[in-house]
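Input: a single structure, listed below in structure tokens.
Order of the sequence lines sets the chain letters (A, B, ...), proteins ahead of strands, with each chain counted from 1.
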Amino acid sequence: MRQYELRRNESAPAADDERAREVLEGLNEAQQTAVQATEGPVMIIAGPGSGKTRTLTHRIAYLIARGKAQPRDVMALTFTNKAAREMRQRVQQIIGSGSARGMWMGTFHSTFARLLRREGKHIGYTSDFSIYDTDDTDRLLRNLMKGLNIDPKQFKVRAMRSLISSAKNQLVSPDDYQRMATGAAQERAAQLYGPYVQTLRRANALDFDDLLIKPIELFETHPDILEQYQRRWRYLHIDEYQDTNHAQYKLAKLLAARHKNICVVGDDAQSIYAFRGADIGNILSFQRDYPDATVVRLEQNYRSTKTILQLADSIIKQNEDQLEKELWTENHEGEYVVLIEALSERDEAKKIEQTVRDLHVREGYSYDDFAILYRTNAQSRSLEEALRRGGIPYRVIGGVSFYQRKEIKDVLAYLRLLVNPSDQASLRRVINYPTRGIGAKTQERLFQYARREGLSAWQAIQQIDESGLSTRAQNAVERFGFLISSHAAKAESMPADELARALIKETGMLDELRNENTRESLGRWENVQELISAIAEFTAQAEEATLATFLQEVALLTDLDEDEGQGNRITLMTLHASKGLEFPVVFVSGLEEGLFPLSRAAQEREQLEEERRLFYVGATRAEQKLFLSYARSRFLYGTQESAVRSRFLDEIDPAVVRTKAGGPIKRKKNRFTLEEGDAVDYDDVDPHYYRRNLRGSHNTSAKRTRTTTRRAGTGSSSGGSSSSGRRVVYDEGAAEIVPGVRVEHDHFGEGKVQALDGEGEQMAATVFFQSVGQKKLKLKYAKLRRIG
DNA sequence: AGAATGGACTTTTTT
DNA sequence: AGTCCATTCT
């Protein structure tokens with residue numbers, strides 16, 4: 001491909017019509033329209049697999065080829081680093097490597113972090129600011145809650161965080177929020193919001209929301225800076241526009257206000273992030289904001305078979321809220337979508353594993369052609385077990401990513417403290433790790449002293465001799481202060497990776513990990529080494545190769561962005577993580593009521609519709625084969641729950657689905673009547689049934705005495721009753737668990753019930769197992785089956 | 001200060 | 001069932 005060179009200072013680069021024609025080649029009519037609409041606002045409504053990234057890429061290439069823009073005039077915002085990376089690569093492929101230089105292409109968060117590195121000083125941030133992830137903010141909030149006497153049992157930290165986060169995204173200030181907060185939870189959040197913001201500010205730290213909000217603040221208070229960027233980015237592109245939240249919407253609007261060359265791409269049917277503030281209204285109201293917008297629909301699908309598309313269409317048709325779209329494809333009819341029915345989640349995993357193996361062996365699919373999708377991360381476990389047993393290589397996306405691991409976060413905290421000594425969260429994290437004699441008491445006194453004197457924690461450490469702490473504590477704190485400051489002093493003269501290595505070495509962390517000498521600790525030791533090489537690599541090739549930049553970028557990485565893990569493996573991930581990806585063979589697992597859709601989401605229409613869109617997203621990841629699966633019972637949240645198959649299975653078009661055996665799937669006329677084989681939860685049946693059988697045993701206090709007394713092996717028939725007035729029945733036909741009976745447990749095998757105590761949910765059995773001896777097990781959790 | 005034990009609680013999805 | 005937290009024990 002010909003190199004397309006541009007001179008930087010040329011204000012009107014030469015047009016290259018031949019090149020522009022090339023860029024349009026191979027695009028369909030709708031895509032060409034979108035690419036050629038170079039002036040004014042453009043909205044591309046794109047179905048799944050319609051080549052929207054391709055269209056966006058070609059549009060950028062076209063702008064440059066036609067001389068409308070230089071690379072540096074172009075900005076493209078995506079939602080994942082991966083998407084940005086791919087787009088950059090493709091642009092380079094088309095217009096020549098190197099010519100994408102100067103183009104701002106990245107996620108919202110990383111892009112505006114970069115902007116704040118440059119301009120943050122105008123609103124009081126140095127470029128060394130720390131970025132706090134949810135882990136950091138949760139710790140911070142927990143501390144604040146302790147100070148304000150908010151009971152973390154009553155008000156969950158994550159709930160507080162998410163309330164504050166949505167207030168921030170809506171651009172509601174702490175004062176305003178205080179005024180508009182209603183209900184106990186919101187009032188607590190309002191109490192926390194102000195101190196939370198102050199703490200971050202004092203720490204020269206930003207959370208994820210700040211990365212979007214602070215630029216807005218900057219632009220609103222400094223119109224000259226806004227104008228500078230408005231002039232610079234004459235062409236603004238936003239991918240996945242349906243997932244923008246209010247702050248992102250506002251940023252886009254501010255930046256596009258001058259030139260109005262804003263091009264957004266989205267699919268309302270794939271909006272699945274409302275829970276984190278994404279506002280589907282942003283795409284629905286684009287035309288109201290920009291009445292002269294060119295609207296293009298990309299309705300041809302290049303990814304999936306006709307059958308898969310038909311199924312997807314039957315899913316999404318159930319939703320009320322949607323823009324009209326008619327998807328079609330020239331692809332083959334393809335095979336039926338297959339429904340896999342399983343008895344338990346283990347069985348489901350096994351059947352999926354067998355299917356994978358079968359397709360691999362018999363039809364020659366390679367392992368990386370497969371993806372298994374699920375609603376919650378917890379579901380990966382049974383799948384992993386089955387795959388491991390079957391010897392199938394896999395990778396899990398969305399578990400604990402490299403940069404989330406404790407040892408890595410510890411090292412990162414040290415480094416953050418080096419570049420940003422005000423970073424209190426990091427200081428708290430490492431001040432006594434590894435232990436160096438600065439215990440909880442000393443820390444408390446230190447922070448108290450700081451507060452009393454109006455010092456930052458770091459300043460307090462510098463002036464520790466006036467703190468009134470014991471000499472021993474003072475010495476320990478002083479040593480810590482010296483450790484940090486002596487390395488900080490070397491930051492200028494030493495390459496970042498060497499600095500990191502030296503610091504880590506001196507902390508003794510590595511020795512501690514090595515001395516522990518377990519498999520895990522050695523693994524952690526290796527992780528730390530790997531982190532150091534990552535720093536070295538970064539400093540060697542990044543544009544802004546400072547340690548601070550490294551730390552900021554690392555905070556915004558997700559493990560979806562990590563290396564594609566060389567090797568041929570199948571991929572396991574949540575439905576959310578699968579967005580934007582495609583695979584020849586896809587499994588959507590766990591299609592059960594309460595799980596998918598989640599029970600909490602099934603209550604409200606809007607949430608249910610989001611779950612349905614999630615199903616739509618999952619189904620449309622598949623190119624050739626799609627499998628849907630559910631289990632009749634599932635071990636979830638600690639208990640074995642019986643499950644009813646998802647309503648989604650009753651909504652889909654049965655004409656394109658077959659069971660594993662090849663038969664048609666049966667739709668239920670009425671999902672609330674039980675059919676043969678449906679598992680029954682006894683609590684859902686006639687509540688009076690048990691009561692009737694319990695006549696005559698209403699003396700509650702007497703019963704309590706009986707049930708709490710150990711009565712090994714008496715075998716009394718009243719042993720299974722509890723003071724709630726209900727007999728507890730745990731399994732169909734297996735009758736009650738009473739002292740004296742023999743039982744079987746999944747892990748411990750056979751045993752004999754010695755005694756029962758507790759009541760209701762708390763009821764526990766003392767069981768003597770042949771294998772492990774005596775155990776006390778809560779009946780609610782341990783699934784005991786009566787045998788013999 | 002750190003280990004050990006016992007109890008409560010848990011599970012949406014994520015930049 | 002596992003994890004995290006708090007309290008108690010050494």
How would you label the contact of A/Arg142 with the nucleic acid (heavy atoms, under 4.0 Å): base, sugar-phosphate, or nothing?
-> sugar-phosphate

Measure the distance from CG on A/Asp138 to C1' on B/dT14 and round it to the nearest whole Å.
-> 13 Å

Given C/dA1, B/dT14, B/dT11, the nucleotide with the shortest approach to the side chain of A/Ala378 | B/dT11

Let me know the distance between NZ of A/Lys406 and P of C/dT3, rounded to the nearest Å.
-> 15 Å

Report yes if at least one side-chain N or O of A/Arg158 is closer than 4.0 Å to OP1 or OP2 of B/dT10; otherwise report no.
-> no

In whole angstrom, give the distance that lies between atom CD1 of A/Ile397 and atom C1' of B/dT13.
-> 15 Å

Within 6.0 angstrom of A/Arg381 CZ, more than 12 heavy atoms from elsewhere = no

To the nearest angstrom, the CZ-P distance between A/Arg114 and B/dT15 comes to 21 Å

Go through the N and O atoms of the side chain of A/Arg375 and the base of B/dT12, and report whether any donor-acceptor pair is under 3.5 Å.
-> yes

Considering only nitrogen or oxygen atoms on both sides, find all protein atoms under 3.5 Å from nucleotides 1-5 of chain B and state each distance.
from  : atom 1 : to       : atom 2 : distance (Å)
B/dA1 : OP1    : A/Gly439 : N      : 3.1
B/dG2 : OP1    : A/Thr435 : OG1    : 2.9

Starting from P on C/dC4, measure out to CG on A/Asp135 and report it in whole angstrom.
-> 11 Å

Would you say whether A/Tyr273 stacks on B/dT13? The test is a distance between ring centres of less than 5.5 Å and an angle between planes of less than 30°.
-> no

Examine the side chains of A/Ser646 and A/Glu592 and answer whether a donor and an acceptor come within less than 3.5 Å of each other.
-> no

Taking only N and O in the side chain of A/Asn377, is any of them less than 4.0 Å away from OP1 or OP2 of B/dT13?
-> yes

Could you work out the separation of C/dA6 and B/dT11 based on their C1' atoms and round it to a whole Å?
-> 22 Å

Given B/dT15, B/dT13, C/dA1, which nucleotide is nearest the side-chain atoms of A/Thr107?
-> B/dT15

Looking for any heavy atom pair under 4.0 Å, which part of the strands does A/Phe79 touch: base, sugar-phosphate only, or nothing?
-> sugar-phosphate

Should the pair A/Arg276 and A/Tyr273 be classed as cation-pi, given the thresholds of under 6.0 Å to the six-membered ring centre and 45° from the axis?
-> yes

By side-chain contact (heavy atoms from CB on, under 4.5 Å) - contacts of A/Ala619 (at least two apart) | A/Leu311, A/Ile315, A/Leu626

note: A/Glu345, atom CD; B/dT11, atom P; distance rounded to Å ~ 18 Å

Atom OH of A/Tyr403 and atom C1' of B/dT15 are separated, to the nearest Å, by 17 Å

Judged by modelled atom types alone, do A/Asp423 and A/Ser130 share a side-chain donor-acceptor pair under 3.5 Å?
-> yes

Which of the following nucleotides, B/dT13, B/dT15, C/dA1, is nearest to the side chain of A/Phe208?
-> B/dT15

Sorted by chain and residue number, the salt bridge (Lys or Arg N to Asp or Glu O under 4.0 Å) partners of A/Arg88 (sequence neighbours excluded) come out as none

State plainly whether the residues A/Arg647 and A/Glu593 are in salt-bridge range, i.e. N to O under 4.0 Å.
-> yes

Nucleotide of B/dT12, B/dT14, C/dC5 approaching A/Glu611 most closely (side-chain heavy atoms) = B/dT12

Phosphate contact (B/dT10 OP1 or OP2) by A/Lys156 side-chain N/O below 4.0 Å | yes

Hey, is the side chain of A/Thr80 poking within less than 4.0 Å of OP1 or OP2 on B/dT15, counting only N and O atoms?
-> no

Check whether the side chains of A/Gln443 and A/Arg428 place a donor and an acceptor atom closer than 3.5 Å, and report yes or no.
-> no

Give the rounded distance in Å between these two atoms: CZ of A/Phe635 and C1' of B/dT11.
-> 14 Å

Between C/dC5 and B/dT12 - C1' atom distance, rounded Å | 23 Å

